[in-house]
Amino acid sequence: MAELESKGNDVKLKLKQYNFQTENVPRLSYTDPKAEKFISNGLPVVLTDTKLVSSALHWDLDYLSENMGEGDFSVFLSDTNKFMYFDDKKIENVKDFKQPTQMIEMKFPEFVKTLRSYKEGDKRLYMQQALNDTVGRRIVMDFLGFNWTWITEQQKKNKWGPLTSNLLLVGMDSNITPAHYDEQENFFAQIKGSKRFLLFDPSNFECLYPYPVYHPHDRQSQVDFDNPDSLRFPKFQDAKAYEAIVGPGDVLYLPMYWWHQVESVPGHGTVISVNFWYKAGPTEKVEYPLKAHQRVAMTRNIEKMIIQALNDPNEVAPFMQAMVLGRYT
Ligand SMILES: O=C(O)CCC(=O)C(=O)O
Ligand SMILES: [Fe+2]
């Protein structure tokens, strides 16, 4: 116990400190009825014993290199330890948009070689690729060994739509995926190394200042957590975070529309994860007042309508200002 505690403290020491309030996400057994309550209520929880990916816990760079097959894998390159997502299809909406990362396709062994020859000053690497049918036979066997019984039961109980993808993430320790939200339900399974999740419920929309919907960084926070601009983003200091640290075998339920920043814990080498993304179920019965995630969905829809009607992203801000300033302010 003492050892576990000191390990926990060790991890904490290496992590960045932020100024917002944080509370821990509960860690529960999947057999605990409370765990199912969290999921059905759309609240994050770490499940410690699902065995969801126990057939993949032996994955490391050598094994994956040998068995991943001949397919192409998307690898992101960054000059910093941050890898902010951007949508290629929206780049032309913003004049002089500067891509924060470059994406290149690599065969898995080539990726491993590049990763192993990394030295300070090189671009950092983060592989993010949905698993597909180009993977080798042993990976297929590992994949079939996932606990599909448990996860499919969860999908049914919570009336989620189909599984859309399993994203495989292989990164260097200290890599950071900056704060964003996704529009799908997610069971995030940790395989190797540890990740720290900073989560914010959807009511933090005003505190996290997402980019406009037409922007390539749609769904990402504009706030740089390391250097928050308190003049532009005064409400950031009111954000309320939940924190979870996941290690091999842990599964985090990451509810749709919940914000997350994901930090690979420094000092443990390569970090490997697989997520399970599920489409949302049919629209729930609408009750008033609307829930925070329903407001986010509505905001997105209204923004999309305005963008489409004006047919020019540059007209969106002046249009919205004319609608609101002095009338609703
Ligand atoms: O693990 C990461 O770096 C990002 C994962 C993520 O954002 C997701 O699974 O939705
Ligand atoms: Fe995400």
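Under the 4.5 Å side-chain contact rule for hydrophobic residues, Trp150 and Val246 share a cluster. Tyr214 and Phe205 end up in different hydrophobic clusters when Ile, Leu, Val, Met, Phe, Trp and Tyr side chains are linked at under 4.5 Å. Criterion: ILVMFWY side-chain heavy atoms under 4.5 Å apart, direct or through other members. Under it, Met305 and Leu310 are not part of a common hydrophobic cluster. Hydrophobic clustering places Leu199 together with Leu47 (ILVMFWY residues linked when any side-chain heavy atoms are closer than 4.5 Å, directly or through intermediates). Hydrophobic clustering keeps Met127 apart from Phe86 (ILVMFWY residues linked when any side-chain heavy atoms are closer than 4.5 Å, directly or through intermediates).
Using modelled atom types, one finds no donor on one side chain facing an acceptor on the other under 3.5 Å when comparing His215 with Asp87. Using modelled atom types, one finds no donor on one side chain facing an acceptor on the other under 3.5 Å when comparing Gln21 with Glu23.
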Problem set entry | Tyr278/Trp160 under ring pair (Phe, Tyr, Trp, His ring centres under 6.0 Å): CA gap, chis, key distance, verdict | CA-CA 7 Å; Tyr278 287 89; Trp160 294 348; 5.5 Å; yes

For this session: Show your reasoning for whether side chain to side chain donor-acceptor pair (under 3.5 Å) applies to Gln155 and Glu153.
Result: CA-CA 5 Å; Gln155 173 195 20; Glu153 192 181 299; over 6 Å; no

Exercise. Can Ser74 and Gln128 be said to form a side chain to side chain donor-acceptor pair (under 3.5 Å), step by step?
Worked result: CA-CA 6 Å; Ser74 303; Gln128 303 187 9; over 6 Å; no

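Salt bridge present: Asp218 and Lys90 bring a charged side-chain N and a carboxylate O closer than 4.0 Å. Under 4.0 Å is where a charged nitrogen must lie from a carboxylate oxygen, and between Asp201 and Lys240 no such pair does. A salt bridge is defined here as a Lys NZ or Arg NE, NH1 or NH2 lying under 4.0 Å from an Asp or Glu carboxylate O, and Glu263 with Lys195 fails to meet this definition. Between Lys291 and Glu284 there is a salt bridge, since at least one side-chain N of the basic residue sits less than 4.0 Å from a carboxylate O of the acidic one.
Under the 3.5 Å distance criterion, the side-chain polar atoms of Asp72 are left unmatched by any main-chain donor or acceptor of Glu105. The main-chain N or O of Asp142 is found under 3.5 Å from a side-chain atom of Ser55 such that the two form a donor-acceptor pair. In this structure a side-chain-to-backbone donor-acceptor pair under 3.5 Å is missing from Arg300 to Val296. Of the possible donor and acceptor atoms, one in the side chain of Ser221 sits under 3.5 Å from a partner among the backbone N and O of Leu208. With hydrogens and angles ignored, the 3.5 Å screen pairs a side-chain donor or acceptor of Asn175 with a backbone N or O of Leu125. A donor-acceptor distance shorter than 3.5 angstrom exists from the side chain of Gln261 to the backbone of Ala179, with no hydrogens or angles considered. A donor-acceptor contact shorter than 3.5 Å is absent between the side chain of Asn204 and the backbone of Cys207. No donor-acceptor pair closer than 3.5 Å links the side chain of Thr329 to the backbone N or O of Leu325.
In plain terms, the two heavy atoms of Asp173 and Val265 that are nearest each other are CB-O, 3.5 Å. Closest approach of Asp32 to Lys34, counting heavy atoms only: OD1-N, 2.8 Å.
At a threshold of 4.5 Å between non-hydrogen side-chain atoms, the residues Tyr85 and Gln220 count as touching. Under the 4.5 Å side-chain criterion, counting only non-hydrogen atoms from C-beta, Val135 is in contact with Val140. No side-chain heavy atom of His217 sits under 4.5 Å from any side-chain heavy atom of Arg219. At a threshold of 4.5 Å between non-hydrogen side-chain atoms, the residues Lys16 and Tyr18 count as touching.
In the displayed structure, Lys235 atom NZ is contacted under 6.0 Å by at most 12 heavy atoms of other residues, nucleotides or ligands. Dense packing is recorded around NZ of Lys123, with more than 12 heavy atoms of other residues, nucleotides or ligands lying under 6.0 Å away.
Evaluation of the side-chain hydrogen bond (donor to acceptor under 3.5 Å, both in side chains) test over residues 38-53, restricted to residues two or more places apart or in two chains, returns Ser29-Asp49. Residues in residues 312-322 take part in these side-chain hydrogen bond (donor to acceptor under 3.5 Å, both in side chains) pairs, two or more places apart or across chains: Asp312-Asn314.
None of Glu185, Lys279, Gln184 except one satisfies the side chain to side chain donor-acceptor pair (under 3.5 Å) rule with Thr164; the exception is Gln184. If you run ring-ring contact (aromatic ring centres under 6.0 Å, His included) between Phe187 and each of Tyr253, Trp148, Tyr30, Phe276, only Tyr253 comes through.
The aromatic rings of Tyr63 and His58 sit perpendicular to each other, their planes meeting at more than 60°, with 30° as the lower class boundary. Using the six-membered ring where Trp is involved, Tyr181 and Tyr257 have ring planes that are tilted, between 30° and 60° apart. Taking the six-membered ring where tryptophan is involved, the planes of Phe111 and Phe108 are perpendicular, since the angle between them exceeds 60° and thus also 30°. Ring geometry for Phe225 versus Phe20: interplanar angle over 60°, hence perpendicular rather than tilted (30 to 60°). Relative orientation of the Phe83 and Tyr126 rings is perpendicular, given thresholds of 30° and 60° on the angle between their planes.
The line from CG of Leu144 to CD1 of Ile139 is 11.5 Å long, rounded to the nearest 0.5 Å. Here the CG atom belonging to Leu163 is positioned 8.0 Å from the OG1 atom belonging to Thr152, to the nearest 0.5 angstrom.
The ring of Phe197 has its center closer than 6.0 angstrom to the ring center of Phe188.
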